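From a predicted model like this one, the values you see are computed outputs, not experimental measurements.
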Amino acid sequence: MLAASQGFSFADPYATAVLFAGTALLVAIAALTVQGGRAFSAALVYLGLGAIAGALTGVVNIATIDLESDVAIVEHLAEFAVVVALFGTGLKIDRSFTWRGWSSAFRLLAIVMPLTIAAVALFGSEVMGLSLGAAIILGAVLAPTDPVLAGDVGVSGPGEEDGPEANVALTAEAGFNDGLAFPFIFLGVFVAAEPGTSWLAEWAVADLLYAVVVGLAAGLGAGWVLAADAVRRRDRGLLERDLDGFLALATVLTVYGAVEVLGAYGFLAAFTAGLGFRRYDPDHEHNLRVHAGAEAGEKLTELALVLLVGLALTQSGLGVPGAEGWLLVALLLLVIRPLATMIAFVRSGLTWKERAFIGWFGVRGIGSIYYATFVVAAGYLDPTEGRVVLWTAVIAAAVSIVVHGTTASPLTRRWIPQQSEPAPGSWHPGPGPDPTTGTTDDQ
């Protein structure tokens, strides 16, 4: 009786956490199973579940991960989620490497992203009272379209047609711009820490030119080589096909780690590794299993991170950016992103509905939270400005999950044709000829 009384307790924190994790997984499975017919995203379910759990743990006084005190933990969880999602995003895209095929993505990266950063930085400096360096960082944090949460409006996966141009554009943008936000993050860091412009050449060479080029090239090459090695090993019976799902994680972590060791942008490498992996033998059936492994890891980390966002939604935290921060999020989603997109796609050949679709679905999410926690954990900003940047990113992610999660299905049906002709520069796996080259896979 003594042992039982000392060893048994109700509402044990560890057991409660296990119960919550199991319940969350069951809810996630149910939400993902019916995603084709629902009018809201699975992430919206996760966010609500996290918010409810946060309220309940506050009532029973159970400690959870705190966004500010555990910022390094959240940073690395978000980092892992983004890396896996980027590799899976690269695997999805069938588009050949031509200017016409990727022109929409280039417009989003070269025009929409800088305009968004500039507009947010201007608002942050002039209205929110942030220093110029912190305002630039905030712009870079909020600019990227998230690869984790943008799946509902992106392309489907290997073996399926890319689909409408708007979906391809959002998928390619989500793949590239998480890595391309980093130079602007470091631009803000230099502005915040260094007087004058003596650092400008160092930033341009190291943080812009070197890190971007090496990230893109190393990822593409490594993905192709690792895919070739995997196919050869499988053909010789040296690689179990049932482990293809794990191959996705092994590949992207290897590439990401190697490129980070080189001092380049691992996010870019993770995405281009997916592109390179897919292009070694694009019709090979193992691409489906590798993509399934990447997608499973992506969905699990999406669940964990969105639950954390829900848990973090405390009244005190949401008040940190003030009314100005909330206004910025509204302007970002309703004005800045849509207007920048309309400017970028002038004379693009896309209909106004396609442009509106791309402008509206600049989903903010896990990538923004990663960049915000990265900046705060590294101590690049003073604590007050760091908190503003962090909580503005959380608000943007939460609002985006709600508004984009409830509009993805209806607006896709209303604005984007369910079937369309292949976009310029695209090709699709199969026995037919590649329309961009006129050759077949056997030639």
Side-chain angles (χ1 to χ4, degrees), residues 78-98 101-110 112-113 140 143-151 153-158 162 167-185 208 210-227 247-260 262 264-280 282 287 290-291 293-295 297-298 301-302 362-363 365-368 370-371 374:
E79 179 182 25
F80 179 78
V82 173
V83 166
V84 174
L86 287 171
F87 182 72
T89 300
L91 284 173
K92 292 179 180 179
I93 300 177
D94 286 332
R95 187 144 297 188
S96 57
F97 295 134
T98 65
W102 290 80
S103 61
S104 293
F106 290 142
R107 289 172 185 264
L108 288 167
L109 297 169
V112 175
M113 188 175 183
T145 294
D146 188 61
V148 182
L149 300 177
V153 291
V155 299
S156 299
D162 274 343
N167 299 93
V168 179
L170 287 170
T171 302
E173 180 197 18
F176 278 120
N177 69 4
D178 264 297
L180 293 176
F182 252 123
F184 296 98
I185 292 285
L208 186 58
Y210 170 81
V212 169
V213 171
V214 172
L216 291 172
L220 189 64
W224 194 93
V225 169
L226 290 172
L247 183 61
L249 295 178
T251 298
V252 69
L253 292 178
T254 299
V255 173
Y256 179 76
V259 172
E260 287 288 313
L262 295 174
Y265 296 137
F267 281 0
L268 285 176
F271 174 61
T272 56
L275 292 174
F277 194 100
R278 177 69 190 282
R279 272 147 187 76
Y280 173 73
N287 284 308
V290 174
H291 176 261
E295 192 170 46
E298 175 187 338
T301 51
E302 175 189 348
V363 182
I366 307 306
S368 293
Y370 166 74
Y371 280 117
F374 167 79

How close do Ala181 and Pro144 get, counting heavy atoms only, and between which atoms? CB-CG, 3.6 Å
Could you tell me whether the side chain of Val290 reaches within less than 4.5 Å of the side chain of Arg278, counting heavy atoms only? no
Rounded to the nearest 0.5 Å, how far does CD of Glu173 lie from CZ of Arg107? 13.5 Å
Measuring from Phe87:CZ to Leu275:CG, what's the distance to the nearest 0.5 Å? 9.5 Å
Rounded to the nearest 0.5 Å, how far does CZ of Phe184 lie from CE of Met113? 6.0 Å
Sub-4.5 Å side-chain heavy-atom contact between Phe374 and Ile185: yes
Within a strict 4.5 Å, meaning less than it, do heavy atoms of the Leu247 and Phe277 side chains meet? yes
What are the two closest non-hydrogen atoms of Gly215 and Thr272, and how far apart are they? O-OG1, 3.6 Å
Can you give me the closest heavy-atom contact between Val83 and Ala270, atom names plus distance? O-CB, 3.9 Å
Quick one: are the ring centres of Tyr265 and Phe271 less than 6.0 Å apart? no
Any sub-3.5 Å donor-acceptor pair from Thr145's side-chain atoms to Ala174's backbone N or O? no
So do the side chains of Asp146 and Tyr370 get within less than 4.5 Å of each other, counting heavy atoms only? no
Between Phe80 and Ile366, is any pair of side-chain heavy atoms under 4.5 Å apart? no
Heavy-atom check, side chain of Phe176 versus side chain of Leu216, under 4.5 Å: yes
Looking only at heavy atoms, what is the nearest atom pair of Gly88 and Ala294, with distance? CA-CB, 4.0 Å
When Leu220, Val214, Val259, Leu180 are each screened for side chain to side chain contact (heavy atoms under 4.5 Å, CB included) with Leu268, the one that passes is Leu180
Show the nearest heavy-atom pair for residues Val148 and Ala85, with the distance to one decimal. CG2-CB, 3.7 Å
Derivation of the side-chain contact (heavy atoms from CB on, under 4.5 Å) call for Tyr210 and Leu262: CA-CA 10 Å; Tyr210 170 81; Leu262 295 174; 4.0 Å; yes
Specify the closest pair of heavy atoms between Pro183 and Leu208, including all atoms of both residues, with the distance to one decimal. CB-CD1, 3.8 Å
Side chains of Asn177 and Leu108: closer than 4.5 Å at any heavy-atom pair? no
